[in-house]
Amino acid sequence: AQNIAYYRRGLDELSLNVTNACPNACVFCIRDRDKGWNVSNLYLERDPTLKEITDAFDRESSMLNREGVALQRVKICGYGEPLMRFSEVIGVVRHIRLKEPELDIQITTTGWPYFRYVSKDVNGIFNLKFAGLSSLYLSMNAIEEERYMDLVKPGVNNPNYLAFQDSIRFGIEARDIGLKVTLGFMNIGQINLLSIKQFAERMKMPYKIREMEE
């Protein structure tokens, strides 16, 4: 499986592409517009094994060491929803944390798939923290349910009408066990910056507005 490891924001931030699988059809998703952040092609031929992912990390980590680059962050993200590979992701986080005790290890996720595909209880979120995860980028993109359904299209052909609330629930649970959670919003359509700021304050989480080309 090619293109597991890639760089979007310089060599001190490494991204790991763990799956193509995604239960969302976000209207702004890069998947359907180009090959992916100037990387030759982020589509995987198949989901990589845990060993393939950790080997890719080890290879890049060794290369960075040789180059004298201090890695600051590893983002588990890629072209799909990382929570669809939940057990592998825990293994990846554990592997990286053992090698890099100080690193920021982040998952980029929409959150809600945890409750539909992984578990009804929240113990798995604690397991992520226990494995060594330090932060989450929670891709919310909307602060009210109807707009969320329009933008994210959770469940695609089998819509998940619990997705908006489950995404919030996932973020709150993660925050409450000590993970740093950043709420992500795309600057698309009629975006109300003040409402987003107030929503983030109520959630007690920082937030980031991203432009389409990011």
Side-chain angles (χ1 to χ4, degrees), residues 1-19 36-39 42 44 47-111 113-114 118 122-140 167 170-185 200-201 203-210 214:
Q2 76 286 38
N3 283 327
I4 296 170
Y6 61 101
Y7 300 89
R8 285 182 62 198
R9 305 188 199 286
L11 289 180
D12 63 350
E13 185 172 297
L14 172 66
S15 294
L16 293 175
N17 186 17
V18 298
T19 186
W37 298 300
N38 301 315
V39 178
L42 284 177
L44 298 158
D47 280 352
T49 64
L50 172 58
K51 185 174 189 309
E52 285 172 327
I53 301 166
T54 55
D55 282 353
F57 170 78
D58 290 348
R59 192 166 55 248
E60 296 301 316
S61 179
S62 297
M63 182 271 289
L64 294 172
N65 275 334
R66 288 195 303 274
E67 299 283 330
V69 175
L71 190 59
Q72 300 294 317
R73 173 182 289 170
V74 172
K75 294 171 75 171
I76 301 171
C77 45
Y79 252 25
E81 166 56 73
L83 297 186
M84 304 302 281
R85 305 285 314 281
F86 193 78
S87 60
E88 288 86 358
V89 163
I90 284 183
V92 171
V93 170
R94 189 178 293 121
H95 175 88
I96 296 170
R97 180 57 70 212
L98 285 169
K99 295 206 157 198
E100 300 275 0
E102 303 301 318
L103 202 58
D104 177 20
I105 306 175
Q106 182 185 88
I107 290 177
T108 298
T109 178
T110 51
Y114 174 84
V118 180
V122 297
N123 293 340
I125 306 173
F126 179 80
N127 291 342
L128 276 174
K129 171 87 163 37
F130 187 70
L133 191 70
S134 43
S135 62
L136 280 177
Y137 183 90
L138 186 63
S139 193
M140 282 296 308
S167 184
F170 185 85
I172 289 171
E173 292 290 345
R175 179 202 69 193
D176 286 353
I177 61 170
L179 290 169
K180 181 189 174 189
V181 181
T182 300
L183 301 172
F185 298 89
E201 284 170 355
M203 295 273 282
K204 299 184 176 66
M205 297 172 193
Y207 68 97
K208 183 176 180 185
I209 311 285
R210 290 174 56 197
E214 288 189 70

> Looking only at heavy atoms, what is the nearest atom pair of Asp12 and Ala70, with distance?
Replying inline: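 Heavy-atom minimum between the residues: CB-O, 3.5 Å.
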>> I need the minimum non-hydrogen distance between Val92 and Thr54, along with the two atoms involved.
In response: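 Answer, listing the atom of Val92 first, then Thr54: CA-CG2, 4.3 Å.
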> Which residue pairs pass the ring pair (Phe, Tyr, Trp, His ring centres under 6.0 Å) test with at least one member in residues 85-107, sequence neighbours excluded?
Replying inline: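 Sorted pair list: Phe86-Tyr114.
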> Taking only residues two or more places apart in sequence or in another chain, which ones pass side chain to side chain donor-acceptor pair (under 3.5 Å) with Lys129?
Replying inline: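 So Lys129 forms no side chain to side chain donor-acceptor pair (under 3.5 Å) with any residue.
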> Which residue, Ile107, Leu16, Asn17, forms the side-chain contact (heavy atoms from CB on, under 4.5 Å) with Pro82?
Replying inline: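 Looking at Ile107, Leu16, Asn17, the match for Pro82 under the side-chain contact (heavy atoms from CB on, under 4.5 Å) is Ile107.
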[X] [atom1] to [Y] [atom2] distance, which is reported to the nearest 0.5 Å:
{"X": "Leu64", "Y": "Arg59", "atom1": "CG", "atom2": "CZ", "answer": "12.0 Å"}
{"X": "Leu128", "Y": "Ser134", "atom1": "CG", "atom2": "OG", "answer": "11.0 Å"}
{"X": "Arg94", "Y": "Leu133", "atom1": "CZ", "atom2": "CG", "answer": "12.0 Å"}
{"X": "Leu11", "Y": "Leu71", "atom1": "CG", "atom2": "CG", "answer": "9.5 Å"}
{"X": "Cys77", "Y": "Tyr137", "atom1": "SG", "atom2": "OH", "answer": "11.0 Å"}

>> Assess the residue pair Phe170 and Thr109 against the criterion (side-chain contact (heavy atoms from CB on, under 4.5 Å)); give the C-alpha distance rounded to whole Å, side-chain angles, the decisive distance to 0.1 Å, and a yes or no.
In response: CA-CA 10 Å; Phe170 185 85; Thr109 178; 4.0 Å; yes
Sidechain-backbone polar pair: [X] side chain, [Y] backbone, donor-acceptor under 3.5 Å:
{"X": "Arg97", "Y": "Phe130", "answer": "no"}
{"X": "Glu52", "Y": "Thr49", "answer": "yes"}
{"X": "Arg85", "Y": "Val18", "answer": "yes"}

> Does the pair Glu13 and Lys75 meet the rule for a salt bridge (charged side-chain N to carboxylate O under 4.0 Å, His left out), with working shown?
Replying inline: CA-CA 7 Å; Glu13 185 172 297; Lys75 294 171 75 171; 3.6 Å; yes
Measuring only between side-chain heavy atoms, which start at C-beta, is [X] closer than 4.5 Å to [Y]?
{"X": "Val74", "Y": "Asp104", "result": "no"}
{"X": "Gln106", "Y": "Thr108", "result": "yes"}
{"X": "Met205", "Y": "Ile172", "result": "yes"}
{"X": "Pro113", "Y": "Val118", "result": "no"}
{"X": "Leu83", "Y": "Val89", "result": "no"}

>> side-chain contact (heavy atoms from CB on, under 4.5 Å) for Asp176 and Leu179? Distances and angles first, verdict last.
In response: CA-CA 7 Å; Asp176 286 353; Leu179 290 169; over 6 Å; no
>> According to side chain to side chain contact (heavy atoms under 4.5 Å, CB included), who are the partners of Ser61, at least two apart in sequence or on a separate chain?
In response: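 Ser61 satisfies side chain to side chain contact (heavy atoms under 4.5 Å, CB included) with Phe57, Asn65, Glu100 once adjacent residues are dropped.
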> Are side-chain N/O atoms of Thr19 and Glu81 paired as donor and acceptor at under 3.5 Å?
Replying inline: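 Side-chain D/A pair, Thr19 to Glu81: absent.
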>> For Asp58, is there an ion pair with Lys99 - N to carboxylate O distance below 4.0 angstrom?
In response: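 Asp58 and Lys99: salt-bridged.
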>> One pair to check against side-chain contact (heavy atoms from CB on, under 4.5 Å): Ile4 and Leu44. What are the steps and the verdict?
In response: CA-CA 8 Å; Ile4 296 170; Leu44 298 158; 4.3 Å; yes
>> What verdict does the side-chain contact (heavy atoms from CB on, under 4.5 Å) test give for Lys208 and Arg210, after you've listed the backbone C-alpha separation in whole Å, the side-chain angles of each residue and the deciding distance to 0.1 Å?
In response: CA-CA 6 Å; Lys208 183 176 180 185; Arg210 290 174 56 197; 4.1 Å; yes
